[in-house]
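In this text, all values refer to a predicted model and were calculated from it rather than measured experimentally. Atoms within each ligand, like the ligands themselves, are counted from 1 in listed order.
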Amino acid sequence: MGANPDQNEWRPNPRVEHIELARWADVVAVAPATANMLGQAANGLAGDLLATLLLATKAPILWAPAMNAAMWEHPAVQANFERLKSFGHKMIEPSMGMLACGEEGAGKLADIEDIADAIRAVGSERLPSLTGKKVLVTAGPTREDLDPVRLLTNRSTGEMGIEIARALRDAGAEVHLVVGGDLAAPYGIETARVRTAEAMMAACSALWPGMDGCIAAAAVADQRPQEIALEKVKKGDGPENLVLVRTQDILLNLGMQKRVGQKGQWLVGFAAESEHHLENASAKLAKKKLDAVFVNDISTGKAFGHQDNTLTPVIAEGPQAPLGPLPKGQLAQALVVWWAEWLGSKYRASDEH
Ligand code: CTP
């Protein structure tokens, strides 16, 4: 061991390199994966270091193939691909586009962001299993137009909601994300992009009957302008009034339609509060028929666009121990772990009755 040992850094061992690598990796991702490598691995061949490593590792394996379109479509390659899937290997399929050979078609390496996200999903075995659960997640700001150039919105980026969607996906849930704002949609998540509170409401209402639960992290505008001017509004001389009307409360609506009983739906909200955090959160819990509210203390100026954040779960029994401060990705995972434990104990309690 050297003077500055780093547990996460792989150091080559010339004697049994493939075994060391195979043990060291948390996930093995082959990107770009060639037709030859798919063929070797599908048939248990160990012709080179990578093929040997793929046989020796116990880590999850992810393939991101890239090749000429005709090669990709060839039945032999497709059969190898299916065979690897039957071994439990994960796949991120090639996309359509211009290929290195100058042809256009299916065979282009998937987006690097998507591959990175898929590696994360494959490597997240610490999370509880939510396989088979269908979860609606709302995220991001809504935007309410005043005229073709001006709008009302808020400082939410949508990052927390998107990280929650990722953490639920990584736990095996089927996630449906309804999102406002500009952040990229995460890999493997059915995403509906919306602009206004009304559009978010319509998307959520359509999805809700088929869901097991919902985590509403969106910063939905509570008001919109009464009129949307079709042309740019010119400035006047005197005081100018903007008339606002209330938007619908999405969470409240979902709460009113919530199925209860054995196969009941669960509903989780957020409360961004700058004062009387826990009292306000408890009031929201009751009013919107929620199972839990995660309170975000925005008085510290940390919530919007900052990395580390703290969330306090509030349930009918009262406030629970805070989660964090953590970067949003880890905080989202902590939230999912906490929530899955709560759900588990709720179901155990209802089974006993
Ligand atoms: N929410 C929603 N639809 C709205 C407003 C809020 O679904 N029109 C959801 C948010 O996604 C969040 C929760 O309701 O999960 C709480 O939102 P928040 O704005 O903090 O509270 P409000 O209930 O709007 O109350 P107030 O503005 O008085 O704080």
Side-chain angles (χ1 to χ4, degrees), residues 135-145 151-165 167-168 175-181 183 192-208 211 213-226 244-258 265-304 309-316 319 323 328 331-332 335-336 338-339:
V135 187
L136 169 64
V137 176
T138 71
T142 56
R143 289 169 172 157
E144 307 297 334
D145 292 324
L151 55 99
L152 296 177
T153 186
N154 57 63
R155 295 175 62 174
S156 161
T157 57
E159 199 185 331
M160 191 64 215
I162 287 179
E163 289 298 345
I164 291 170
L168 289 164
V175 184
H176 294 259
L177 175 67
V178 179
V179 63
L183 292 183
R193 282 206 173 272
V194 293
R195 182 170 177 82
T196 62
E198 194 182 352
M200 187 172 275
M201 174 79 196
C204 291
S205 301
L207 287 163
W208 184 228
M211 297 291 119
C214 168
I215 300 187
V220 188
D222 289 322
Q223 293 93 9
R224 64 172 173 78
Q226 189 175 35
L244 299 176
V245 291
R246 286 295 305 273
T247 55
Q248 289 202 68
D249 190 316
I250 301 169
L251 201 46
L252 184 73
N253 273 278
L254 300 185
M256 289 191 308
Q257 295 158 28
K258 184 167 108 168
Q265 290 169 302
W266 49 264
L267 208 47
V268 174
F270 274 75
E273 305 291 349
S274 56
E275 55 178 359
H276 308 304
H277 319 99
L278 301 176
E279 296 90 315
N280 287 345
S282 297
K284 258 166 224 176
L285 188 81
K287 182 178 159 208
K288 302 194 188 189
K289 296 193 170 56
L290 307 180
D291 297 279
V293 175
F294 286 92
V295 188
N296 203 340
D297 177 359
I298 55 169
S299 62
T300 53
K302 277 202 151 182
F304 297 110
N309 201 359
T310 301
L311 290 171
T312 306
V314 176
I315 53 177
L323 309 175
K328 285 180 181 163
L331 186 60
L335 182 154
V336 168
W338 186 91
W339 183 242

closest protein heavy atom to atom 9 (C) of ligand 1 is Leu251 CD2, 3.8 Å
When you measure from atom 16 (C) of ligand 1 to every protein heavy atom, which one gives the shortest distance, and what is it? Phe270 O, 2.8 Å
Hey, does the side chain of Arg246 reach the backbone of Asp222 with a donor-acceptor pair shorter than 3.5 angstrom? yes
Inter- and intrachain pairs under salt bridge (Lys or Arg N to Asp or Glu O under 4.0 Å), touching residues 273-286, at least two apart: Glu273-Lys284
Using a 3.5 Å cut-off on N or O atoms only, is Thr138 in polar contact with ligand 1? no
Would you kindly specify which portion of Asp222 sits under 4.0 Å from ligand 1, judged on non-hydrogen atoms: side chain, backbone, both or neither? side chain
How close does the nearest protein non-hydrogen atom get to atom 4 (C) of ligand 1, and which residue and atom is it? Val220 CB, 3.5 Å
Taking only heavy atoms of Gly269 into account, list the atoms of ligand 1 that are under 4.0 Å away from them. 15 (O)
Working to the nearest 0.5 Å, report the span between CG of Asp249 and NZ of Lys287. 6.0 Å
Mind checking whether Ile250 has an N or O less than 3.5 Å away from an N or O of ligand 1? yes
Does Gln248 reach ligand 1, in the sense of a heavy atom lying below 4.0 Å from it? yes
Under the side chain to side chain contact (heavy atoms under 4.5 Å, CB included) rule, collect the residues that match up with Arg224, sequence neighbours excluded. Glu144, Val245, Thr247
When you measure from atom 14 (O) of ligand 1 to every protein heavy atom, which one gives the shortest distance, and what is it? Lys288 NZ, 2.9 Å
If you define the side chain from C-beta out and look only at heavy atoms, does anything of Lys288 sit under 4.5 Å from Val293? no
Out of all atoms in ligand 1, which are within 4.0 Å of some heavy atom of Ala272? Include the element for each. 20 (O)
Using protein heavy atoms only, decide if any is under 4.0 Å from atom 28 (O) of ligand 1. no
Determine whether Val178 and Ile250 make a side-chain contact, defined as any pair of heavy atoms from C-beta on separated by less than 4.5 Å. no
Judging by distance only, is a nitrogen or oxygen of Ala216 under 3.5 angstrom from one on ligand 1? yes
For ligand 1, find out whether one of its N or O atoms is nearer than 3.5 Å to an N or O atom of Ala218. yes
If only atom types and distance count, is the side chain of Thr138 paired as donor or acceptor with the main-chain N or O of Ala217 below 3.5 Å? yes
Judged by atom type as modelled, is there a donor-acceptor pair below 3.5 Å linking the side chain of Asp291 to the main-chain atoms of Val268? no
Residue portion contacting ligand 1 (non-hydrogen atoms closer than 4.0 Å) for Lys284: side chain
Between Asn253 and Gln248 (side chain of the first, backbone of the second, donor and acceptor by atom type, cut-off under 3.5 Å), is there such a pair? no
